[in-house]
Amino acid sequence: MILVIGRTGQVAIELARLDPEVQCVGRETVDLTQPDRLAAFLADTPAKAIINAAAYTAVDAAEAEPAVAHAVNAVAVGVMAQHAARVDIPFVHISTDYVFSGGGTVPWHETDPVAPQNVYGQSKLSGEAQVTEAGGVHAILRTSWVFSAHGSNFLKTMLRLSESRDHLTIVADQIGGPTPARAIAQACLMLARSVTRHTSGIYHFSGAPDASWADFARDIFKAAGREVAIENIPTSAYPTPATRPLNSRLNCDKIKTTFDIARPDWRAATQDIVRQLT
């Protein structure tokens, strides 16, 4: 059995659909803000690998709730990683491009200096450190701009807005790789089954090609056959409590070379998901 921490998130839903060997547990079973209870649950739940698909992902809310974000994204992750190391099973943890400063235009490599610009990014970076320090077999998967037919995400928001609007202003100076949740789930399963002590480490994984949020929106409306005019705006015109990275590009060569996992085409996934939702 592969234990997945998380049940209702986009990646967790896809993991459950992909493999009958997966057992997903949500907050009704394990509260990630209660480390002792999490440790007890893990000790009583045999598994041959653990995938952490749960996180505090409310980026703006994290600015006002740093302790909760740290508890879920760092302390709980440490409990999982330490347990996996102790019983000698692989641990796969999903992280984010927000660990970087977001500057420049060159895709980030796994070895580039980290400098998170908001509480969410800081909490996720702390979680990465917990995984590394635990010393077990592990894979940290940094990804970006997750979307699917489930939960809350940019694609679903755009479809909802297009039902009543024919003109939208969308940020065009943030560049990254929209990433289908299903592709992330597939990558996590492969890593859980393939990672070894020799290949343990950090890996980048995001959709191709890199695009702006405005580009992504245009593709969504094209796939849906909806006439919506997109006006490009800079990030400065859409202020938020948490600073967003302008450069979310991720260099994904390492995961391709090590595990033969290629970047997914987000445009093809967009068409598939729009067909499901419309």
Side-chain angles (χ1 to χ4, degrees), residues 8-11 13-14 55 57-63 96-98 100-108 117-118 120-121 142-185 204-252 262-278:
T8 59
Q10 298 182 74
V11 175
I13 289 172
E14 296 293 352
T57 57
V59 176
D60 289 325
E63 297 295 307
T96 174
D97 65 282
Y98 276 59
F100 295 111
S101 69
T105 58
V106 177
W108 298 102
Q117 299 297 297
N118 55 42
Y120 169 71
R142 290 177 182 154
T143 190
S144 64
W145 298 18
V146 184
F147 70 98
S148 69
H150 324 291
S152 299
N153 59 73
F154 183 80
L155 182 150
K156 292 183 70 178
T157 298
M158 290 299 102
L159 288 179
R160 176 175 54 80
L161 290 175
S162 70
E163 291 174 356
S164 59
R165 312 254 304 263
D166 59 8
H167 177 271
L168 293 169
T169 57
I170 307 292
V171 169
D173 59 352
Q174 295 176 25
I175 309 298
T179 315
R182 186 175 184 83
I184 298 172
H204 288 175
F205 182 70
S206 65
D210 292 327
S212 71
W213 288 113
D215 294 330
F216 190 14
R218 290 186 178 94
D219 203 84
I220 292 166
F221 298 138
K222 180 181 178 182
R226 296 180 182 177
E227 296 292 332
V228 180
I230 301 297
E231 178 183 346
N232 292 353
I233 61 170
T235 298
S236 59
Y238 189 72
T240 56
T243 300
R244 262 47 175 198
L246 298 183
N247 180 19
S248 291
R249 302 170 182 88
L250 296 175
N251 183 294
C252 303
R263 297 180 69 181
D265 183 340
W266 62 263
R267 296 165 301 186
T270 295
Q271 292 177 358
D272 291 341
I273 293 168
V274 167
R275 277 195 292 268
Q276 294 178 48
L277 296 175
T278 58

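If you read the sequence from its start, that first residue is 1, and numbering goes on from there. Everything numeric here is computed off the predicted structure, so don't read it as measured data.
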CG of Asn247 to CD1 of Ile175, rounded to nearest 0.5 Å, is 8.5 Å
Can you name the nearest heavy-atom pair linking Ser248 to Asp97, along with the distance?
OG-OD2, 2.7 Å
Distance col, row Ser144:OG vs Gln174:CD, nearest 0.5 angstrom, shows 11.5 Å
dist Thr270:OG1 -> Asp219:CG (nearest 0.5 Å) comes out at 5.5 Å
Check side chain to side chain contact (heavy atoms under 4.5 Å, CB included) between Ala214 and all other residues, then give those that pass, not counting sequence neighbours.
Ile170, Ala172, Ser212, Arg218, Ile230, Asn232
Do the ring centers of Trp266 and Phe147 come within less than 6.0 Å of each other?
no
To the closest 0.5 Å, what do you measure between CZ (Phe221) and CG (Asp166)?
10.5 Å
Counting N and O atoms only, with roles assigned by atom type, does the side chain of Arg226 sit under 3.5 Å from a partner on the main chain of Leu159, one being a donor and the other an acceptor?
yes
Determine yes or no for a side-chain-to-main-chain donor-acceptor pair under 3.5 angstrom, with Asn153 supplying the side chain and Ser148 the backbone.
yes
Could you go through Phe100 and Leu250, starting from their C-alpha distance and side-chain angles, then the distance that decides it, and tell me whether this counts as side-chain contact (heavy atoms from CB on, under 4.5 Å)?
CA-CA 10 Å; Phe100 295 111; Leu250 296 175; 4.1 Å; yes
Decide side-chain contact (heavy atoms from CB on, under 4.5 Å) for Val274 and Met158; before the verdict, give the C-alpha distance in whole Å, the side-chain angles of both, and the deciding distance to 0.1 Å.
CA-CA 11 Å; Val274 167; Met158 290 299 102; over 6 Å; no
Show the nearest heavy-atom pair for residues Arg263 and Cys252, with the distance to one decimal.
CG-CB, 3.7 Å
Lys222 atom NZ: more than 12 heavy-atom contacts under 6.0 Å:
no
Can you find a pair of side-chain heavy atoms, one from Pro209 and one from Arg267, that are under 4.5 Å apart?
yes
Are Thr240 and Val59 side-chain neighbours, meaning at least one heavy-atom pair lies under 4.5 Å?
no
Answer yes when Asp272 and Arg275 have at least one side-chain N-carboxylate O distance shorter than 4.0 Å, and no when they do not.
yes
Determine which pairs satisfy salt bridge (Lys or Arg N to Asp or Glu O under 4.0 Å) with at least one residue from residues 241-251, sequence neighbours left out, and list them in order.
Asp60-Arg244
Smallest heavy-atom separation, Ala185 atom then Glu14 atom, equals CB-CB, 3.7 Å
How close do Ala181 and Val146 get, counting heavy atoms only, and between which atoms?
CB-CG1, 3.8 Å
Would you say the side-chain atoms of Asn251 pair up with the backbone N or O of Pro107, donor to acceptor, closer than 3.5 Å?
no
Does any donor atom in the side chain of Thr243 or Asn118 lie under 3.5 Å from an acceptor atom in the other side chain?
no
Nearest-0.5 Å distance that lies between atom CD1 in Ile220 and atom OG1 in Thr278
11.5 Å
Looking only at heavy atoms, the pair that brings Gln276 and Ala149 closest together is OE1-CB, 3.7 Å
Is a donor on one side and an acceptor on the other found under 3.5 Å between the side chain of Ser206 and the backbone of His204?
no
The reported gap from CG in Leu168 to OG1 in Thr157 (rounded to nearest 0.5 angstrom) is 11.0 Å
Once the angle between the rings of Trp213 and Phe154 is folded into 0 to 90°, is it parallel (under 30°), tilted (30 to 60°) or perpendicular (over 60°)?
tilted
Where is the tightest heavy-atom contact between Ser162 and Val228, given as atom of each residue plus distance?
CB-CG2, 3.8 Å
